[in-house]
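Quick notes on the structure that follows.
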Amino acid sequence: MNIYDFEVQKMDGSSVSLKNYKGKVVLVVNTATGCGFTPQYDGLQDLYEKYQSEGFEILDFPCNQFASQAPGSDEEIHSFCTGRYGITFPQFAKVEVNGDKTIPLYKFLKKEKRGICGTQKIKWNFTKFLINKRGEVVARFAPTVEPKKIEALIRKELSN
């Protein structure tokens, strides 16, 4: 299995296949608009602008599971992110990343790369998964890891 086996929900409720990202290096991030890590949107957008033309994509999945820090509708969240941080990368419908309602993509990501102490559970907003051009999970990053700190690994995957 790889990420191309999954479909996710767009903000308008329609489904999109992750096969659309085949051959690209992808960073999957669960985000929130009211989190202490929310300023990471700036760093994510910087990476996207720098590497998108080389085949890099960021897939943003808002999540309200951590201290209710993404309380708005999909449209409100998107408006905030584009207005305040100028994001241009794809943003999907709000998801759950832990518990009974975890979307299948996140079940797969967590199984492929466990967190600290071997846990599958997502600890907080802005947990990041790096996917190679073959759709395989190559790394998982804690929320505290700023986007610029994973730039070298992104470059490496883009050159493979």
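For the numbers below, each heavy atom of this structure counts, side chains included, while hydrogens, waters and symmetry mates do not.
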request  = Applying side-chain contact (heavy atoms from CB on, under 4.5 Å), name anything that partners S53, two or more places apart in sequence or on another chain.
outcome  = none
Sub-4.5 Å side-chain heavy-atom contact between Y106 and L109 = yes
inquiry  = In the structure I gave you, are the side-chain heavy atoms of F126 and T144 within less than 4.5 Å of one another anywhere?
reply    = no
key: Heavy-atom pair with the smallest gap, counting every atom of T102 and N98   = OG1-C, 2.9 Å
ask   = Between atom NZ of K10 and atom OG of S15, what is the distance when rounded to the nearest 0.5 Å?
value = 9.5 Å
task = Kindly say whether T88 contributes a backbone atom to a donor-acceptor pair with the side chain of Q45 at under 3.5 angstrom?
result = yes
request  = Report the residue from T33, D46, T82, T31 that forms a side-chain hydrogen bond (donor to acceptor under 3.5 Å, both in side chains) with Y41.
outcome  = T31
task = Look only at the side chain of N30 and the backbone of T127, and say whether a donor-acceptor pair between them is shorter than 3.5 Å.
result = yes
F108 and F6 aromatic ring geometry - parallel, tilted or perpendicular at 30°/60° bounds = tilted
query = Between I131 and Y21, is any pair of side-chain heavy atoms under 4.5 Å apart?
reply = no
task = Take L18 and L59 through the side-chain contact (heavy atoms from CB on, under 4.5 Å) test and state the conclusion after the steps.
result = CA-CA 10 Å; L18 293 183; L59 308 183; 3.9 Å; yes
query = S17 and E7: which non-hydrogen atoms are nearest, and at how many Å?
reply = CA-CG, 3.9 Å
I150 and L130, any side-chain heavy atoms less than 4.5 Å apart = no
message = E76: which residues meet the side-chain contact (heavy atoms from CB on, under 4.5 Å) condition with it, sequence neighbours left out?
response = S73
ask   = V138, I58: one ILVMFWY side-chain cluster at the under-4.5 Å cut-off?
value = yes
ask   = Going from CD1 on I122 to CZ on R140, what distance comes out if it is rounded to the nearest 0.5 angstrom?
value = 4.0 Å
query = If you round to the nearest 0.5 Å, how far is NE2 of H78 from CG of D60?
reply = 9.5 Å
For Y85, all residues meeting side chain to side chain donor-acceptor pair (under 3.5 Å), sequence neighbours excluded = none
request  = Decide yes or no for Y51 and L27: does some side-chain heavy atom of the first lie under 4.5 Å from some side-chain heavy atom of the second?
outcome  = no
request  = Working to the nearest 0.5 Å, report the span between CG of N160 and CZ of R134.
outcome  = 7.0 Å
ask   = Would a hydrophobic clustering, with Ile, Leu, Val, Met, Phe, Trp and Tyr connected at side-chain separations under 4.5 Å, put V95 with I77?
value = no
query = Judged by atom type as modelled, is there a donor-acceptor pair below 3.5 Å linking the side chain of K50 to the main-chain atoms of E151?
reply = no
message = Just so I know, are the side chains of E57 and Y48 near enough to count as touching, which here means a heavy-atom distance under 4.5 Å?
response = yes
message = More than 12 heavy atoms of other residues, nucleotides or ligands under 6.0 Å from CZ of R155: yes or no?
response = yes
inquiry  = For E157, is there any backbone N or O sitting under 3.5 Å from a side-chain donor or acceptor partner on N132?
reply    = no
query = Is L47 close to F89 at the side-chain level, that is, under 4.5 Å between some pair of heavy atoms?
reply = no
Nearest heavy-atom neighbours spanning P147 and G43 = CB-C, 3.6 Å
query = Just how far is it from atom NZ of K24 to atom CZ of F56, taken to the nearest 0.5 Å?
reply = 11.0 Å
ask   = Does Q40 reach the main-chain N or O of P143 with its side chain, forming a donor-acceptor pair under 3.5 Å?
value = yes
message = Please report the interatomic distance NZ(K133) to CG(N2), rounded to the nearest 0.5 Å.
response = 15.5 Å
Contact check, side chains of V137 and K110, non-hydrogen atoms, under 4.5 Å = no
key: Distance-minimising heavy-atom pair for C63 and N125   = O-OD1, 3.7 Å
Nearest heavy atoms of Q65 and V97, plus distance in Å = OE1-N, 2.5 Å
Any donor-acceptor pair under 3.5 Å from K113 side chain to F129 backbone = no
remark   = Shortest non-hydrogen pair, Y4 vs G135, comes out as OH-N, 3.2 Å
